[in-house]
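Reading through the structure tokens given below for one structure.
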Amino acid sequence: MKIFNTESGKKEEFVPQNPEHVTMYVCGPTVYNHSHIGNFRPPVVFDVLARLLRREFPKLTYARNITDIDDKINAAAAEAGVDISVISEKYTAAYHRDLATLGVLPTDVEPKVTEHVEQIHTMIQELIDAGHAYAAEGHVLFSVSSYADYGSLSKRDPEELLAGARVDVAAYKKDAGDFVLWKPSADEQPGWDSPWGRGRPGWHIECSAMAETHLGDTIDIHGGGTDLVFPHHENERAQSVCAHSGKQYVRYWMHNGFLSFNAEKMSKSLGNVLLVKDLAEKVPGEVIRYVLLSAHYRAPLDWNDDVLTQARNSLDRLYGALRTVTSLDASQQDHIPDAFMAALHDDLNTPKALAELFALAKQLNTSTDHETSQQLKSALLQAGELLGLLQHDADAWFAGDQSEADAATIDQLITERLQARADKDWGRADEIRDQLTAMNVVLEDGADGTKWRIDSSDANLSSSK
RNA sequence: GGCUGGGUGGCAGAGUGGUUAUGCAGCGGCCUGCAAAGCCGUGGACACCGGUUCGACUCCGGUCCUAGCCUCCA
């Protein structure tokens, strides 16, 4: 398996530190508000990677954190007049609902910052003891100049960084590039007692401490959005390497590209933020997931009003192929085609992998041999599972969210129409079909009976709000 | 301004120094009582300008556009 490593700028063969136990850490959300669709690209992309790793290695420990202490959470809590836990728990729950909508499997560990304050203290102390950090006016700062390799992950020259810095440099900083590990809290702000006074963790130390706690000093894969390369991951790396006597922190850094909306940055100020819960009212979560996997994870992905419709229609084709085989013989065999695996092994090339799914669908649609069809359906389901797609019952997929009562009515009408057709009473048959069309039901007559589906084509999938 | 990516047909989106991506949409045909689905076929693309090469969408240089980052950010 090859993985593009941000640190080297190349695709590298993936060799875990311990082939018996692979470790992966992905930066999770700060739970102060709803995450938008762009925020879900990493969980979905790394969910596919986790599925792949679990298939190919005996053990994977995958951690994705919840940042539940942050100034934005503080602000939201203060405004609502509640404890920060009220805010963070509310939006953690929302985050979990959205993950479930998108078919993202739970991680092995979901560490919360507020549950790791002790470990954060320990790590800060280690950094101070080793001369990489210093306390000043209630703050503890990491001394960037103490880590010679600083900047090499994000390919930045520390000198230029400082020259271009547009922030006000606090007087207590020895060096303008130094970043905070611990900062003081005012009395009304949430805080924890510490050797450096009451305060709260800085923005980067939490991930270092949580990764260390759950995955050890060196982790195999660390993922996140490309915007996190600097400063977040650069700083994480500096902290962890320095706290661990120079030991490597991450073997493979992976960063996903950004999602834009109609070629504009998705941001609250532009009013173009798309929420999973809103999209899920229009389409199944699987359609949203399909869109997120339809572009390579490192490439930019532009969301526009057509992508959901296209994804919906594409999935219809795959489910349509699955529906040609009504039952599946029990089979433990692995039928996933090599080309599909090769695509995923090539730096998680999900668009190529999807193309292989369509190749399977075409074979399935043209197959006349029972045995072959069974294998093809099995292959499609197994390959789909690796992508987190195609796991619904095909009939249920096409039935949409019709109630059972409706389904019963539809079946009743279809039975009547079949009789009319048997009697060659085309007028009556078409009358019934028109009736069903009015119910948004499309019929498909086949050799083995009549299937139906809910017409989603003119359902308003426009994603603008 | 600096650093790092990206610009492929109507849309989405892979890939490659010479050969069909794939899907959606379109068009023609087959199938069908008629449709739908499916199948077969089909048109249509590599931002621009140079260079290297027998040959460049692919490699190199430059230009333009675009995204992210330059201490909150997926």
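Computation of the quantities below employed the complete heavy-atom set of this structure, encompassing side-chain atoms and omitting hydrogens, waters and symmetry-equivalent molecules. In what follows, chains carry the letters A, B, and so on, assigned in the order in which the sequence lines appear, proteins first and then strands, with residues in each chain numbered from 1.
Within 4.0 Å (heavy atoms only), Val442(A) reaches sugar-phosphate atoms of the nucleic acid but no base atom. Asp430(A) comes within contact range of at least one nucleobase, with a heavy-atom separation under 4.0 Å. Across all strands, His296(A) comes closer than 4.0 Å only to sugar-phosphate atoms, never to a base (heavy-atom distances).
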Bracket notation of RNA chain B in which parentheses pair within the strand, [ ] cross earlier pairs, and | pairs with another strand (Watson-Crick or G-U, under 3.5 Å): (((((((..(((.....[...))).(((((.......)))))....(((((..]....))))))))))))....
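Residue Thr226(A) has its side chain nearest to rG68(B) when only rG33(B), rG68(B), rU22(B) are considered. The side chain of Phe230(A) approaches rC69(B) more closely than any other nucleotide in the set rC72(B), rC69(B), rC34(B). Nearest to the side-chain atoms of Arg156(A) among the listed nucleotides rC72(B), rG2(B), rA74(B) stands rG2(B). For Lys155(A), counting side-chain heavy atoms from C-beta on, the closest listed nucleotide (rA74(B), rA35(B), rU4(B)) is rU4(B).
Taking a cutoff of 4.0 Å between a charged side-chain nitrogen and a carboxylate oxygen, Arg289(A) and Glu286(A) do not qualify as a salt bridge. Ion pairing between a basic and an acidic side chain is recognised when a charged N comes within 4.0 Å of a carboxylate O; Glu444(A) and Arg453(A) show such pairing.
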Might you list the N or O atoms of the protein lying below 3.5 Å from N or O atoms in nucleotides 8-12 of chain B, with each pair's distance?
from    : atom 1 : to        : atom 2 : distance (Å)
rC11(B) : O2'    : Gln310(A) : NE2    : 3.1
rC11(B) : O2     : Gln310(A) : OE1    : 3.1
rC11(B) : O2     : Gln310(A) : NE2    : 3.0
rA12(B) : O4'    : Gln310(A) : OE1    : 3.4

N/O contacts under 3.5 Å, protein versus nucleotides 37-40 of chain B?
from    : atom 1 : to        : atom 2 : distance (Å)
rG38(B) : O3'    : Asn365(A) : ND2    : 3.1
rC39(B) : OP1    : Arg317(A) : NH2    : 3.2
rC39(B) : OP1    : Asn365(A) : ND2    : 3.3
rC39(B) : OP2    : Arg317(A) : NH1    : 3.1
rC40(B) : OP2    : Lys362(A) : NZ     : 3.3

Pairwise N/O distances under 3.5 Å, protein to nucleotides 28-30 of chain B:
none

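Distance Asn39(A) CG to rA74(B) P: 5 Å, rounded to the nearest Å. A straight line from NE2 of His233(A) to P of rC3(B) spans 23 Å, rounded to a whole angstrom. The NZ atom of Lys352(A) sits 8 Å away from the C1' atom of rA14(B) (whole-angstrom rounding). Atom pair Met254(A):CE and rG68(B):P shows a separation of 22 Å (rounding to whole Å applied). In this structure, Leu344(A) atom CG and rA14(B) atom P are separated by 14 Å, rounded to whole Å. The distance between atom CD1 of Ile432(A) and atom C1' of rA35(B), rounded to the nearest whole Å, is 15 Å. Across the protein-nucleic acid pair, Leu228(A) atom CG and rA67(B) atom P stand 19 Å apart, rounded to whole Å.
In Lys112(A), the NZ atom is crowded: over 12 heavy atoms of neighbouring residues, nucleotides or ligands sit closer than 6.0 Å.
Side-chain contact between Glu385(A) and Leu390(A) is absent, with no heavy-atom pair separated by less than 4.5 Å.
Remark: the Arg312(A) side chain and the rC24(B) base include no donor-acceptor N/O pair separated by less than 3.5 Å. The base of rC72(B) lies close enough to the side chain of Lys72(A) for a donor and an acceptor atom to sit less than 3.5 Å apart.
With sequence neighbours left out, Glu431(A) forms a salt bridge (Lys or Arg N to Asp or Glu O under 4.0 Å) with Arg428(A). Residues forming a ring pair (Phe, Tyr, Trp, His ring centres under 6.0 Å) with His345(A) (at least two apart in sequence, or on another chain): none.
Ring-base stacking between Phe258(A) and rG68(B) is not satisfied when judged by a centre separation under 5.5 Å and a plane angle under 30°.
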